[in-house]
Each structure stands twice: as C-alpha cells, then as structure tokens.
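Read the numbers this way: they start at 1 and go in the same order the structure lists the ligands and their atoms. The first residue of the sequence shown is numbered 1, and numbering continues consecutively from there. Note that the structure is predicted; figures quoted are calculated from it, not measured.
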Amino acid sequence: MEKINIGMIGYKFMGKAHSHAYRDLPMFFPKHIHPEMKVICGRNPKDVAEAATQFGWQEYTTDWKELIKRDDIDLIDINAPSDVHKEIAIEAAKAGKHVFCEKPLALTLKDSREMLEAVEAAGVKHMVGFNYRFAPAVMLAKKLVDEGRLGEIYHFRAWFLQDWIIDPDFPLVWRLQKEIAGSGSHGDLGAHLIDMAHYLIGDISEVMGMSETFIKERPLPSNMTGLTATGSQGGEKGPVTVDDATLFLARFANGAIGSFEATRFATGHRSTNSFEINGSKGSVIFDFERMNELQVYFVDDKEDVQGFRRVLATDAAHAYSDVWWPAGHTIGYEHTFIHSAVELMEALKEDRQPVPNFHDGVKCQQVLEAVEHSINERSWVDVSKL
Ligand code: SOE
C-alpha cells in the first residue's frame, strides 16, 4: 500500500474534520494512497497532545517550523487561522512538501498570489479546502450544468446564513478580527459561495457589493476556539473589525447574473448554505442541510406534472456513490472532507494537481477583494483589473 506522510497544523474545527477524513479514507477507499497520520501540530501542548490521541495521530508537536523540516513528512495540511496560512504554505513549499490549505487561502489577494507562486516554483501539489464541491447534490448539479441539461444559464443566486454571533455579548473571537481572519462573513462564508459559482457557472467578471457590521464592539474573550469562546476579561471590549454581513451582485463572463449573501446575523439559520441555478431548460436548488438531495425542474417535463422534484443524489448521481452505502443511504458533512481527501490522494497518485487547488483559491480571493473595493468605492468593480 502506497502511503503519504501527513503533518497537520491546527487541531480545532477543521483539524478535526481533516483528521476524520484521513482516518476514514483507507477503510472506504482501500485502493487509494493511504494517508499516514504522522504528526499534528498546535500551539497549546496539552490540547494538541489530547487532539493527537483523540484523532489518531502518531505524534504531536508545537513547532510547525520543525515539522516542515522533517524528512519523513510529505504533505502539510494547514487548518490554523487564516493569518498564518501564507507563511506556513510558503515555507512548506520551499521544503518540497505538498500543501493542503483551508479557505480562505490568505488574508489578501497579494498574499494568495505569493502562495500560488511558491507552490508552483517548488513544483509541489496544492489543494484548497472548498469542501462543499464534494456534497452529493452539488456533484449532481455540476453534472447537469456540464451536460447542458439546464440549458443556457441565466441566474445563480446563493446565500450562506448563520446566526452564531447574534448575541451582542458573544466575545470578540479571532474570526471577528481582521488581522487574523482577513474579513468576516465575506471570507468565511462568501468564499464558499464564490467558489461554488466558479465551479458551477464560470468566471465572475464584475461585482457590486455592500456590507454591514451590526455590533461594533464585543467583550474580549478569555479563551477561544473558532466558533466558541468563554468568559470575557472584566467587561473590557474591543472593536469588531470585520463585516457581519456582506451581499453582492455579480456578472459572469458567460452572460449569467448572480446574487450572493453571506451573513452571521440571519436569526434562526444555523448554517444555511444554498444556491439556485436557473437555465433555459431547467433549474436546480441546493440546500446544504439536505445535501443528499437536489431540487430539480425541467421545462420539457409534461405540463401536467411540471414542478420542482426532489432527486436523491446518493446513487447514480455522484462520483463516489458506489463506495458508500446501499442505494438511498445518505452521507453527511464529514463526507465532503473525505471526498476532498480522496481527490487529493488520487491527484498525488496520478501526478496531477488536485482540484480545487491554489488557482481556485486565488480566483476566489480576487472576487472577495473586488467586492471589498466595490464597497469602498460604492461602484461596480471589474474583477480582472485586480
Ligand atoms: C464558520 O462560520 C464555518 O465553520 C466556516 O468557517 C466554514 O468554512 C463553513 O463551512 C461553516 O461555517
């Protein structure tokens, strides 16, 4: 069995998701390269030691630079907060390691381009964590678009709605600090929508955006992870430096038009990640909470039975369906990460770049930044000018 030795940096939400993917992969995809869970790295020795045991890593370390230097590591998987992606990815590439990096790729377009240059100069493989591409219903939507079964595409509308910071006393976690996160709901949630649009519809040429930060100051946290935090230091507050919500309109190079909404203030929506595509021959609707199902409408259905119908995408519809359960047995969020890891392993075996890779990460960053320019300038921005 061919193996690839992994060193993973970050052990919270995404670290857990990626670890789980590496653990499950050999059981369900036995013919693929086997990801060897060598070393996990994090800042807090006690917590990272616990994570190593819980997730199944052979060793742990608190020093990512030492990890990258090791000869017995082939691939660095970056799940740390966004402000350290660039330095780690560039160092890893220079050391000849393949790099898998969570989204958004970087804090800025410039940084993401430097990361792409580094992996290309080093000739290593690179992947970015746009895991929703691998949900069964998304894979089916992609197939229908690519086979022309929706006809000419007119509309793409997408929304990613959460509500975990609706309480004004929710602390100022790193995701609410620009210098660490780059942006707020825009880069965290909007990045997924932009990637989905690129994947399903094509290049975005022009954007016009608006954003809002509803709660401008929050209590300083005493202990935080990505989405949770405890306590606050004596009632002291700090400024929220990212957007709570960002919306934008877009034109695609192929003539389609789009609307995008990313917010953490959609009361009642825990994590609604959806899109709708309308074409000349039909439409599809995706809702992540029902990621095994796609709502499908075809104009050439007989008039008396026309309407959206629910198609279960677990069987004939998606790439890895034969590997999982018998017909009609659904899969979940964690499988989007397993599928991402499978694509990475397949790419390594076939000596090609995995998809989505840093090119997709940079393209997404370009749109993120174009929207920010548009908000600042209060006008439409041509994405290709950036
Ligand atoms: C938090 O808002 C988050 O976990 C994002 O960081 C993920 O990328 C998204 O998949 C779900 O929400």
Exercise for the section: Check ligand 1 against Tyr132 and write out every atom of the ligand that is under 4.0 Å from a heavy-atom position of the residue. Expected result: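 By the 4.0 Å cutoff, the relevant atoms are 9 (C), 10 (O), 11 (C).
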Problem - Distance filter under 4.0 Å to Phe13 heavy atoms, resulting ligand 1 atoms - result: 4 (O)
Handout entry: Pairs satisfying ring pair (Phe, Tyr, Trp, His ring centres under 6.0 Å), at least one member in residues 68-112, at least two apart
Key = His18-Phe100
Exercise for the section: Determine whether any heavy atom of Arg264 lies closer than 4.0 Å to an atom of ligand 1. Expected result: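 Contact check Arg264 vs ligand 1: negative.
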Problem - Nitrogen or oxygen atoms of Lys103 and ligand 1 under 3.5 Å apart - result: yes
Handout entry: Min N/O separation His192 to ligand 1 under 3.5 Å
Key =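 By distance alone, the answer is yes.
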Problem - Inter-residue atom distance Asp244.CG - Phe214.CZ, 0.5 Å rounding - result: 6.5 Å
Practice task
Measure the CD1-CZ distance between Ile285 and Arg290 for me, rounded to the nearest 0.5 Å.
Solution key: 12.0 Å
Problem - Those residues that, when tested against Phe298, pass ring pair (Phe, Tyr, Trp, His ring centres under 6.0 Å) (two or more places apart) - result: none
Handout entry: Modelled atom types, side-chain donor and acceptor of Ser19 and Trp57, under 3.5 Å
Key =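 Checked: Ser19/Trp57 side chains pair up, N/O donor to acceptor below 3.5 Å.
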Handout entry: Asp163 side chain to Arg264 backbone, donor-acceptor under 3.5 Å
Key =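 The answer is no, because no donor-acceptor pair under 3.5 Å joins these two groups.
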Practice task
Under 4.0 Å, heavy atoms only, figure out whether ligand 1 is touched by the backbone of Arg175, its side chain, both or neither.
Solution key: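 The answer is the side chain.
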Handout entry: Residue part near ligand 1, for Leu189, under 4.0 Å between non-hydrogen atoms
Key =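 The side chain, only.
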Exercise for the section: Name the option, out of Arg270, Glu102, Gln162, that contains the heavy atom nearest to atom 11 (C) of ligand 1. Expected result: Gln162
